[in-house]
Amino acid sequence: MPSTAVTFAPRERRTILIVEDDEPVARACKRALERFGWETEVVHDAAAAMEVLLRRETTAVVCDINLPGANGVNLLEFVRQADIDVPFLLVTGDPTIRTAIDAVELGAAEYMVKPVAPDELHARLERACAAHRGRHSVLPEIPSSGLLPRPPGVLALESAIEKLFLVFQPIYELGSGALYAFEALMRSNHEELKSPLALLDAAEELGRLHDLGRRVRNLASEAYPRAPQGTYLFVNLHTADLGDVGLYADVAPLSSLAPKIVLELTERASMNDVSDPHRCVEKLRSLGFRIAIDDLGAGYAGLNSLALLEPEIVKLDMSLVRNIHADPTRERVVESMVSLCHGLGIKVVAEGIETPNELNVVRSLGCDYGQGYGLGRPAPSFDVPLVLK
Ligand code: G
Ligand code: MN
């Protein structure tokens, strides 16, 4: 060993586990924390995080709540059950009373709403680690009565499902400019369960996903006759809906409309909990439905879903469309997705088109259909131009 070697006293390792499924957000978080001197490790889902936590000591966890498969709260539950002693900071882009209360009850060190500025995140991490050394939570105690609304229980969920309504966003054929279809999107006015994600979370937690899905499909079938003649209707399915016998019944509300219905299954959700998704989808096809993969290219399950579900249509995630006119990489990705899909006989919808520039590029790259605020916002009525202006 050269005589000039200097031995440093081992520095305290401060490794933060970042659990975030959104790749750009994960990267930004990693870079920010490393600038503050933290070591980091990034994983994209709860299962991978569990592996890391069981394998080695971690200084703290910064975890997104909305993750594919098990969510951030589920991961925190696991950490508590496994008795892993680590400060756990939850971050969410979609704060709900339910998850906030879970965070408190499970002893999360922090519950932060995105976007979180880097120095803020660093400060909260320092605070959480200090508190952890001193063994007390830094979250305020939940008042025992009054101030905070009660978690949305079964009754709240029931009334939220009842008050649920749909809005419809047009999808245009990009070649001819003709109106092609609408996507039905779930909305809610319920005060505690306003966002569709909150509603889905609550329904999942209370084991009511099938009721929620049935309600959406009911509303979609009621609304469809008001749509301009000949248009198709895209309806989102939760992967859990594939396990609902009601979906396949001849008398189910959408069944009589099946040839006009495209069922969307998101790429973001895991198919792991569904037994034999391929067979489910085949059954739906035999009833006359067509299948679309939603959010393709959002960076979740890769292209597995294409092989698994053999969809008729794919919807390219809006992250691929955003600023595509100024981004040769995105342009090439979309170009090859289009050629891959067309080679397989699959039609392509570009989602989230907001500007004329984005529209022009996705059209010139051969995307068959387009959807986005730039072409039409979701609305309760089907009142849209029949040809793209
Ligand atoms: O996951 P899915 O593709 O089903 O989600 C569609 C969501 O995206 C809807 O909530 C809809 O309101 C929203 N949306 C639709 N068009 C646009 C758009 O052009 N820009 C953005 N930011 N969101 C959009
Ligand atoms: Mn969708």
Side-chain angles (χ1 to χ4, degrees), residues 5-76 78-79 82 84-95 99 103 106-139 268 297-302 317 319-320 322-323 326-327 329-330 333:
V6 181
T7 317
F8 293 101
R11 201 162 56 90
E12 184 200 359
R13 264 177 62 90
R14 309 201 311 164
T15 307
I16 306 303
L17 179 62
I18 300 167
V19 191
E20 170 61 75
D21 59 331
D22 186 325
E23 185 61 48
V25 175
R27 238 180 295 128
C29 181
K30 179 180 171 65
R31 242 181 283 124
L33 290 181
E34 285 176 355
R35 241 180 283 128
F36 284 103
W38 302 92
E39 287 179 24
T40 60
E41 172 157 9
V42 174
V43 294
H44 300 297
D45 59 45
M50 288 174 198
E51 256 176 55
V52 172
L53 288 166
L54 290 173
R55 214 172 51 234
R56 64 172 158 277
E57 201 169 312
T58 303
T59 311
V61 181
V62 176
C63 180
D64 186 21
I65 292 184
N66 291 321
L67 295 168
N71 67 22
V73 170
N74 302 142
L75 178 61
L76 177 53
F78 165 82
V79 164
I84 299 168
D85 193 22
V86 67
F88 201 103
L89 291 76
L90 283 167
V91 189
T92 182
D94 179 39
T99 55
L106 292 165
E110 291 281 352
Y111 181 87
M112 292 174 278
V113 177
K114 287 182 192 175
V116 185
D119 46 353
E120 174 78 14
L121 180 58
H122 166 65
R124 295 212 191 195
L125 262 172
E126 288 285 16
R127 191 158 77 120
C129 292
H132 187 251
R133 285 190 293 271
R135 286 295 179 278
H136 56 82
S137 166
V138 291
L139 267 184
R268 290 171 196 259
Y300 296 83
D317 189 67
S319 62
L320 290 174
R322 189 65 56 252
N323 285 324
D327 185 339
T329 306
R330 275 203 181 85
V333 172

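Scope of the values below: all heavy atoms of this structure, side chains included, with no hydrogens, waters or symmetry mates. For clarity, every value in this text was computed on a predicted model and none was experimentally measured.
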Pairing residues for Thr40 by the side chain to side chain donor-acceptor pair (under 3.5 Å) criterion, not counting sequence neighbours: Lys30, Glu34

Note, Glu126 side chain near Arg14 side chain (heavy atom, < 4.5 Å): yes

Check: Arg330 side chain, Ser319 main-chain N or O, donor-acceptor pair, under 3.5 Å: yes

Sidechain-backbone polar pair: Asp317 side chain, Leu320 backbone, donor-acceptor under 3.5 Å: no

Atom pair OH (Tyr111) and CZ (Phe88), whose distance is rounded to the nearest 0.5 Å: 13.0 Å

Least distance between heavy atoms, Val86 atom then Ala60 atom: CG2-CA, 3.6 Å

Audit row: Asp327, Arg322, salt bridge (Lys or Arg N to Asp or Glu O under 4.0 Å) steps and yes/no: CA-CA 9 Å; Asp327 185 339; Arg322 189 65 56 252; over 6 Å; no

Beyond-backbone contact of Val62 with Trp38, side-chain heavy atoms, under 4.5 angstrom: no

Sequence-distant partners of Asp119, side chain to side chain donor-acceptor pair (under 3.5 Å), two or more places apart: none

Test side chain to side chain contact (heavy atoms under 4.5 Å, CB included) applied to Asp22 and Asp64, step by step: CA-CA 9 Å; Asp22 186 325; Asp64 186 21; 5.8 Å; no

Closest approach of Ala108 to Leu90 (non-hydrogen atoms, all atoms of both residues): CB-CD1, 4.0 Å

Close side-chain approach of Val61 to Val19, heavy-atom, < 4.5 Å: yes

Shortest non-hydrogen contact between Asp45 and Pro68, atoms and distance: CB-O, 4.2 Å

Closest non-hydrogen atom pair, Leu75 against Ala49: CD2-CB, 3.6 Å

side-chain contact (heavy atoms from CB on, under 4.5 Å) partners of Val52, counting only residues at least two apart: Leu17, Glu41, Val43, Arg55, Arg56, Thr58

Nearest-0.5 Å distance, CD of residue Glu57 to CG of residue Asp85: 9.0 Å

Closest non-hydrogen atom pair, Leu54 against Ile84: CD2-CD1, 4.0 Å

Side chain to side chain contact (heavy atoms under 4.5 Å, CB included) assessment of Val91 paired with Cys63: CA-CA 6 Å; Val91 189; Cys63 180; over 6 Å; no

side-chain contact (heavy atoms from CB on, under 4.5 Å) against Asp94, all qualifying residues, sequence neighbours excluded: Asn66, Thr92, Thr96, Ser195, Leu197

Set of salt bridge (charged side-chain N to carboxylate O under 4.0 Å, His left out) partners for Arg27, sequence neighbours left out: Glu23

For Arg124, side-chain contact (heavy atoms from CB on, under 4.5 Å) partners two or more places apart: Leu89, Glu110, Met112, Glu120

Leu121 side chain near Cys29 side chain, heavy-atom distance below 4.5 Å: yes

Residues in side-chain contact (heavy atoms from CB on, under 4.5 Å) contact with Pro118, at least two apart in sequence or another chain: Ala32, Phe36

